[in-house]
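Below is one structure, written out as structure tokens; comments come after it.
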There are 2 protein chains.
Amino acid sequence: MPPAIFIVDDDPSVRKSLERLLRASGYKTQAFASAEDFLACRPCQNPKEPACLVLDVRMPGISGINLQQELVKAGVILPIVFISGHGNIPMSVQAMKNGAVDFLPKPFAEEELLAAVEQALTKAARLQKETVEKAEIRRRVKTLTPREYEVFRWVITGMLNKEIAAELKVTEKTIKVHRARVMQKMKAASIADLVRLAEKIGIRSPLR
Amino acid sequence: MPPAIFIVDDDPSVRKSLERLLRASGYKTQAFASAEDFLACRPCQNPKEPACLVLDVRMPGISGINLQQELVKAGVILPIVFISGHGNIPMSVQAMKNGAVDFLPKPFAEEELLAAVEQALTKAARLQKETVEKAEIRRRVKTLTPREYEVFRWVITGMLNKEIAAELKVTEKTIKVHRARVMQKMKAASIADLVRLAEKIGIRSPLR
DNA sequence: AAAGGTATTGGACCAAGGTCCAATTTACAA
DNA sequence: TTGTAAATTGGACCTTGGTCCAATACCTTT
């Protein structure tokens with residue numbers, strides 16, 4: 001399954017030529033006439049394969065910039081390449097601040113768009129990989145009981161079992177049991193692994 | 001010592017009004033008439049306090065965009081707020097891609113500039129802190145002997161001493177000695193600490 | 001009331017890590 | 001050539017972590 005490029009532009013002729021160009025370059029495309037139409041397509045916002053969005057900034061109804069903000073807010077992983085006929089600097093700056101991959105004023109060279117799309121897809125692949133990894137780690141954390149989670153956070157500080165035991169006012173033996181369960185449930189083969197898992201999803205130790 | 005704002009603009013009247021505005025807001029300022037002049041000021045590129053740069057895009061000689069690229073290439077920590085009289089979209093996009101904090105077309109409201117400068121200084125403080133931390137860790141790594149460094153990279157995989165010993169074709173005893181020295185020199189109180197130090201400066205384990 | 005998940009603890013035991021002592025060999029620089 | 005740093009190893013010893021067994025107490029849900 002080839003990478004999917006979503007296109008949102010209110011101008012039918014632009015949609016048509018973009019689709020022609022991108023398909024000729026080997027991409028699968030899906031075009032929408034408005035931000036509203038695109039938002040109505042739920043699967044589009046959670047693609048299985050790396051995907052990106054070629055988006056017109058100025059459109060009737062929800063603008064491209066607003067669509068971007070909505071998608072960012074919703075946590076949708078979909079790098080955006082903006083194209084604009086009547087954009088201005090503040091618009092482009094805003095788009096870039098919100099994480100756009102590029103912002104191309106019309107007219108642009110075909111190669112410019114293709115390069116930007118290529119970059120967007122690379123970014124999408126990276127983000128998707130990270131997201132999947134994090135989701136898996138969070139899934140494991142959710143299987144921990146409250147107490148196990150507590151011990152987890154103490155263990156990654158590097159404290160000794162006996163110290164953690166004193167901190168939680170239980171015996172060292174209890175910590176050992178919880179600790180073993182944490183390692184099992186988190187599928188960590190070593191403390192080093194456990195620390196890295198915690199770092200990846202930003203689990204803070206109870207200290208500081 | 002108040003935060004320093006460097007100003008680079010070829011227009012004397014712009015320099016003057018920027019300095020007046022920023023000084024009235026409590027900042028220390030230092031203005032330059034060209035990118036070349038700024039580059040000639042070595043201490044400006046390695047400020048002790050958080051600092052930032054208010055930079056005109058279009059200037060005779062080295063342009064603002066080029067100056068930015070030079071600074072990025074040189075690893076200078078100096079967030080940039082661009083101001084431009086005759087900028088265009090590709091310019092602003094390029095600037096933002098290179099990490100600019102903002103890109104303000106003239107005329108801009110004073111509050112816009114002040115807000116951008118504030119943001120730039122916050123960013124500078126964060127970057128400086130991170131850089132100092134990393135430098136300290138790298139300094140410690142440099143005190144490791146080649147063999148100790150080797151053992152370091154194996155230790156953070158979570159492998160047992162005996163396994164590392166087999167890998168390096170030495171006895172477990174030897175690994176213990178190296179390992180102890182690594183912990184000492186890296187000032188790590190636990191494996192958890194050591195792993196975090198390694199992560200921060202991106203030390204890869206010998207595996208994959 | 002019974003069942004299941006959670007939290008706790010104990011004993012026994014072994015493996016692993018860490019530390020104190022000391023020693024040998026090698027390689028490179030003064 | 002001599003000194004110094006690096007790499008290596010040994011012994012003895014203690015602490016810590018991990019694991020197998022098992023048991024008790026509490027709470028919530030069925």
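In the text below, chain A, chain B and the rest are named by the order of the sequence lines, each starting its count at 1. Just so it is clear, the values below take in all heavy atoms, side chains as well, and ignore hydrogens, waters and symmetry mates. Bear in mind the structure is a predicted one, so any value in this text is a computation, not a measurement.
Applying the side-chain contact (heavy atoms from CB on, under 4.5 Å) criterion to B/A35, with sequence neighbours excluded, gives B/M59, B/I62, B/L67. For B/E163, the salt bridge (Lys or Arg N to Asp or Glu O under 4.0 Å) test picks out no residue, with sequence neighbours left out. Considering only residues two or more places apart in sequence or on other chains, A/R23 meets the salt bridge (Lys or Arg N to Asp or Glu O under 4.0 Å) condition with A/E19. A/A109 is linked by a side-chain contact (heavy atoms from CB on, under 4.5 Å) to A/E111, A/E112, counting only residues two or more places apart in sequence or in another chain. With sequence neighbours excluded, the residues that form a salt bridge (Lys or Arg N to Asp or Glu O under 4.0 Å) with A/D9 are A/K106. Partners of B/E130 under the salt bridge (Lys or Arg N to Asp or Glu O under 4.0 Å) rule, at least two apart in sequence or in another chain, are B/R126. Checked against side-chain contact (heavy atoms from CB on, under 4.5 Å), A/T131 has the following partners two or more places apart in sequence or in another chain: A/I77.
For residues 33-78 of chain B, the pairs satisfying ring-ring contact (aromatic ring centres under 6.0 Å, His included) are B/F6-B/F38, B/F32-B/F38, with sequence neighbours left out.
Taking every heavy atom of residues 138-147 of chain A and every atom of DNA chain C, pairs under 4.0 Å involve A/T145, A/P146, A/R147, by number.
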Between the protein and nucleotides 18-28 of chain D, are there any N/O to N/O pairs under 3.5 Å, and if so, what are the atom names and distances?
unit_1, atom_1, unit_2, atom_2, d
D/dG18, OP2, A/R179, NE, 3.0
D/dG18, N7, A/K176, NZ, 2.9
D/dG18, O6, A/K176, NZ, 2.9
D/dT19, O4, A/K173, NZ, 3.1
D/dC20, N4, A/K173, NZ, 3.2

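Nucleic acid contact class of B/T174 (heavy atoms, under 4.0 Å, all strands): base.
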Please output the side-chain donor-acceptor pairs of residues 176-184 of chain B that fall under 3.5 Å, not counting sequence neighbours, one pair per line with the distance.
unit_1, atom_1, unit_2, atom_2, d
B/R179, NH1, B/N161, OD1, 2.5

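Terminal axes of the helix from C/dA1-D/dT30 to C/dA30-D/dT1 (five pairs each, C1' rotation axis) are separated by 40°, to the nearest 10°.
Position along DNA chain C of the nearest nucleotide to A/K185 versus A/T171 favours A/K185 as the more 5'-ward residue.
Between A/K97 and B/D102 there is a salt bridge, with a side-chain nitrogen of the basic residue lying less than 4.0 Å from a carboxylate oxygen of the acidic one.
A sub-4.0 Å separation between OP1 or OP2 of C/dA7 and a side-chain N or O of A/H178 is absent.
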